[in-house]
Amino acid sequence: MKLVDWEDEMSRSFALLFALLGGGCGLISSDVLDFPLDIKPKTFSVDADNWMINQAEADAATSTSCAQAPSACAALAQQACAANCTATCSTTTQTCELQLQIGLYSTVDLNMDQSELASIDKTKGISVAIDSATYAVMENKLTVATPPMTIFVAPVLVMAPSDPMANPIGTLASIPALTTVDETAIAYTDHGKQDLNGAMTNFSSPFNLLVGASITLKAGDTVPSGKLTATVKVNAHAHAL
């Protein structure tokens, strides 16, 4: 029986390990690279001070009849709110209703945040699998409930949820006034997970996460005050192609 030379066997083993680790060039071979790919928690704040509206201005706008001139509500909104405010004529009460707009964004740069991506062959790319997308409300002094809020993903230059290039990926349930929320899953839209996956797969290009909604004020409603602070995060894993 032929005896195996121990030194030759060790040499072959080291050669195989050397090949798997990328031939000594410092890159891990793509066929063994599997790693977590997370979006770090992004903080969003809904601050009533940003609408710069007081009770008297709101009452004047929402008590105005618009039955004969529905378009007059737009001008009233400009008088009532200094920013992020629109108005429409209610078809039921025939008075103006104010919409206090929520439009927030935060930039995600996976290439900067994830050191593992420096070793990826960008011509081949990665395959991404999203494990979870969640939100939590850590502080809430907002005196009104929020409507359901929509999470969007968009190119980095898109900063408004109303932009047609902003794709809705999921929703946050209505948050009661003065109430915090433990980590909760975001409810995906029909194509939400796919759109989020696409943005994360194209890891060389930063993108924005946006939050959009509007709080409606009707006649007799109290103007909101206080601030709500929430975080959104995504856990995923990826494999180099």
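Side chains included, hydrogens not; waters and symmetry mates left out as well; all remaining heavy atoms used.
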Hphob cluster co-occupancy, [X] + [Y], side-chain heavy atoms under 4.5 angstrom:
X	Y	result
Val158	Ile169	no
Leu196	Ile186	yes
Ile53	Leu76	no
Leu210	Val137	no
Met159	Val153	no

Mark yes when over 12 heavy atoms from residues, nucleotides or ligands other than [X] sit less than 6.0 Å from its [atom1]; otherwise mark no.
X	atom1	answer
Phe207	CZ	yes
Met112	CE	no
Met52	CE	yes

Is any side-chain heavy atom of [X] closer than 4.5 Å to a side-chain heavy atom of [Y]?
X	Y	answer
Val234	Met200	yes
Lys122	Ser204	yes
Ile151	Thr171	no
Trp51	Cys81	no
Leu104	Lys42	no
Phe203	Ile120	yes
Thr184	Tyr135	yes
Asn140	Ile175	yes

Is it true that [Y] and [X] share a donor-acceptor pair across their side chains at a distance under 3.5 Å?
X	Y	result
Thr86	Gln101	yes
Asp47	Ser45	no
Thr134	Ser132	no
Glu97	Thr62	no
Thr107	Asn208	yes
His191	Asn167	no

[X] side, atom [atom1]; [Y] side, atom [atom2] - distance, nearest 0.5 Å:
X	Y	atom1	atom2	value
Ile126	His239	CD1	NE2	11.0 Å
Asp113	Lys40	CG	NZ	4.5 Å
Ser225	Leu142	OG	CG	7.5 Å

SG to SG, are Cys89 and Cys66 under 2.5 angstrom apart?
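The sulfur gammas are closer than 2.5 Å, so yes.
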Side-chain donor/acceptor of [X] to backbone N/O of [Y], under 3.5 Å:
X	Y	answer
Gln99	Leu217	no
Glu139	Leu228	no
Asp195	Gly192	no

From CA spacing to verdict: side-chain contact (heavy atoms from CB on, under 4.5 Å), Phe44, Thr231:
CA-CA 6 Å; Phe44 298 90; Thr231 59; over 6 Å; no
